[in-house]
Amino acid sequence: MRISVDVEAALPETLRGPEGGTGPQAAREELGVIAGAAHGLADVVRIERIVVPADFDATLAALAPHRHAARHAARSRKTPAVPTAPSVMTAAIPAERGWVLLFHPGIYGPEHDAHMRYALYWRELTRLVNKGRLPVPLRGAQGAPRQDRHAVLLTAVSRLFGEYDAARKAWDFRDGLLRKVLRQELSERARTALLHAFAADLGHATSADVRTWLRMLADDHARTGDTATYLRAVRPLVMRISLALTHAWATLDHFPALAAPGAELLHRADLPTAARDLHAFFRNRHVAGSPDMEPGAELLAALWAGFGLRLADGPDGLAALAPGDQQDD
């Protein structure tokens, strides 16, 4: 399979990163590494193109307008002369002959260096590999299975493990590249960015404000019985907490010495007991290379129950139990 790497010329030649400069040619050389790796994975996932567009949001909106219309509409009409650090740095879009990988031109600016980008490239590629090997029982196509409790939990735990696994494998790839090929130590900038991301994940996962909000929503649900509104509000919240925990666990497991203070914070935090069980499950599945997520569905259910969300199967589809309600056997 032919892999093409398209870096548009509008990436400014004058754009300078902390390692001395990152123009279009340097970007192509970096992306050549990931393109070669993608070629080796062609039997697992097909990458049609890898693109760094001049206008990330406009390209995203053109390739996937139904997914990204809101982001495209919200961006400023005036494009800055120098790309700034983006909040969304990557995207994978299905195409006719595989996938198109998009990377924001801002990752070649002063907020990032090559060491940060190597992990970013590999994480996005691993996410695509995981899409093909992890169970995803919920699909948008007509005739998709009903969103019952087990399907929702299995889909969610597969997504969470996919994030854990992609992070660990991306850091493994970068470690090997730096140690065996480039003969370099991890840059101070990449180390600092890692710690900042870890701190943000810890902050969200242990947020007292979020836990208070979840309790308020549960109380309101018990009073009104409006399950549909409750699920719309709570499911995104518990998923964001779960993602933050997942990212924090990946950091702890890959950088135990660097992340030791955060480990102590997590141990002291008022997290459900099931959090440790799910963490151990993800670690074991990653080490074993196993895509079997079935046992993780109930572990995730226990974690979410600790946050106040107890999913159930109702007569009209997915439901949630109010405090004091019992799950039918």
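Residue indices begin at 1 and follow the sequence shown.
- Using modelled atom types, one side-chain atom of D313 and one backbone atom of R149 make a donor-acceptor pair closer than 3.5 Å.
- Looking at heavy atoms from C-beta onward, T59 lies in side-chain contact with L102 at the 4.5 angstrom threshold.
- One N or O on the side chain of H115 and one on the backbone of S187 form a donor-acceptor pair closer than 3.5 Å.
- Qualifying side-chain contact (heavy atoms from CB on, under 4.5 Å) partners for E185, counting only residues two or more places apart in sequence or in other chains: none.
- Qualifying ring pair (Phe, Tyr, Trp, His ring centres under 6.0 Å) partners for H254, counting only residues two or more places apart in sequence or in other chains: W171.
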### Task
May I have the step-by-step check of side chain to side chain contact (heavy atoms under 4.5 Å, CB included) for F307 and R211, ending in yes or no?
CA-CA 7 Å; F307 293 136; R211 299 292 293 277; 3.7 Å; yes
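- Looking at every heavy atom in both residues, A190 comes nearest to D113 through N-OD2, 4.1 Å.
- Pairing each heavy atom of P261 with each of L258, the nearest pair is CD-O, 3.9 Å.
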Can I get a per-line list of side-chain donor-acceptor pairs under 3.5 Å for residues 285-293, giving both atom names and the distance, sequence neighbours left out?
residue: R285; atom: NE; partner: D292; partner atom: O; Å: 2.8
residue: H286; atom: ND1; partner: D165; partner atom: OD1; Å: 2.7
residue: S290; atom: OG; partner: D292; partner atom: N; Å: 3.2
residue: D292; atom: OD1; partner: E294; partner atom: N; Å: 3.2

### Message
Is there a side chain to side chain contact (heavy atoms under 4.5 Å, CB included) between R123 and K169? Walk through the geometry before answering.
### Response
CA-CA 7 Å; R123 182 182 293 205; K169 287 178 177 174; over 6 Å; no
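- Remark: side-chain polar atoms of E48 are not paired, donor with acceptor, to backbone N or O of V100 under 3.5 angstrom.
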May I have the list of side-chain donor-acceptor pairs in residues 273-281 shorter than 3.5 Å, sequence neighbours left out?
residue: H279; atom: NE2; partner: D253; partner atom: OD1; Å: 3.1
residue: H279; atom: NE2; partner: D253; partner atom: OD2; Å: 2.9
residue: H279; atom: NE2; partner: R283; partner atom: NH2; Å: 3.3

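- A distance-only check finds no donor-acceptor pair linking the side chain of R174 to the backbone of R117 [under 3.5 Å].
- Considering every non-hydrogen atom in both L153 and A301, the closest pair reads CD1-CB, 3.6 Å.
- Qualifying side-chain hydrogen bond (donor to acceptor under 3.5 Å, both in side chains) partners for R127, counting only residues two or more places apart in sequence or in other chains: E124, E163.
- Considering only heavy atoms from C-beta on, R159 stays 4.5 Å or farther from N130 through its side chain.
- Using a 4.5 Å cut-off on side-chain heavy atoms (C-beta onward), I107 and L120 make contact.
- Using a 4.5 Å heavy-atom threshold, the side chains of L252 and L266 count as touching.
- Taking CZ of R49 as the reference point, atom CZ of R97 lies at 8.5 Å (rounded to 0.5 Å).
- Contact record, A167 with A250: CB-CB, 4.0 Å, taken as the closest heavy-atom pair.
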#### Entry: Working for side chain to side chain contact (heavy atoms under 4.5 Å, CB included), residues L101 and V51
CA-CA 6 Å; L101 282 182; V51 183; over 6 Å; no
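- Remark: R268 pairs with E264 by the salt bridge (Lys or Arg N to Asp or Glu O under 4.0 Å) rule, at least two apart or across chains.
- Between W99 and K131, the shortest heavy-atom contact is CH2-CD, 3.9 Å.
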### Query
Checking side-chain hydrogen bond (donor to acceptor under 3.5 Å, both in side chains) for the pair R189/T192: CA distance, chi angles, key distance, verdict?
CA-CA 5 Å; R189 182 174 292 269; T192 299; over 6 Å; no
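- Looking at residues two or more places apart in sequence or on another chain, you find no side-chain hydrogen bond (donor to acceptor under 3.5 Å, both in side chains) involving Y118.
- For the pair F103/L31, a side-chain contact is recorded, criterion being any heavy-atom separation below 4.5 Å from C-beta on.
- Within the 4.5 Å cutoff, side-chain heavy atoms of L128 are placed close to those of I47.
- Residue pairs satisfying the side chain to side chain donor-acceptor pair (under 3.5 Å) criterion with at least one member in residues 224-234, sequence neighbours excluded, are listed as follows: H221-T227, D226-T229, T229-R232.
- In this structure, CG in L245 is found 6.5 Å from CG in L303, a value given to the nearest 0.5 Å.
- Under the side-chain hydrogen bond (donor to acceptor under 3.5 Å, both in side chains) criterion, D220 pairs with R223, sequence neighbours left out.
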### Message
Please determine whether side chain to side chain contact (heavy atoms under 4.5 Å, CB included) holds for the pair L309 and L231, giving the CA-CA distance in whole Å, both sets of side-chain angles, and the decisive distance to 0.1 Å.
### Response
CA-CA 9 Å; L309 174 59; L231 286 174; 3.9 Å; yes
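- With sequence neighbours excluded, the residues forming a side-chain contact (heavy atoms from CB on, under 4.5 Å) with A222 are A322, P323, listed by chain and number.
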In residues 193-207, what donor-acceptor pairs under 3.5 Å come from side-chain atoms, sequence neighbours left out?
residue: T206; atom: OG1; partner: L202; partner atom: O; Å: 2.6
residue: S207; atom: OG; partner: D209; partner atom: N; Å: 3.3
residue: S207; atom: OG; partner: V210; partner atom: N; Å: 3.2

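- Under the 30°/60° scheme for interplanar angles, the aromatic rings of F161 and F282 are found to be tilted.
- Interatomic distance, T90 OG1 to L60 CG, rounded to the nearest 0.5 Å: 9.5 Å.
- The hydrophobic cluster containing W122 does not contain F255, counting ILVMFWY residues as joined when their side-chain heavy atoms lie under 4.5 angstrom apart, directly or transitively.
- In this structure, the side chain of H112 does not engage the main chain of Y108 through any donor-acceptor pair within 3.5 Å.
- Taken to the nearest 0.5 Å, the CG atom of L186 stands 11.5 Å off from the CZ atom of R179.
- Smallest separation of non-hydrogen atoms from L300 and S242: CD1-OG, 4.3 Å.
- No chain of hydrophobic side-chain contacts below 4.5 Å, direct or via other Ile, Leu, Val, Met, Phe, Trp or Tyr residues, connects M116 to L178.
- A search for side-chain hydrogen bond (donor to acceptor under 3.5 Å, both in side chains) contacts involving D172 returns nothing, not counting sequence neighbours.
- There is no side-chain donor-acceptor pair under 3.5 Å between H150 and E298.
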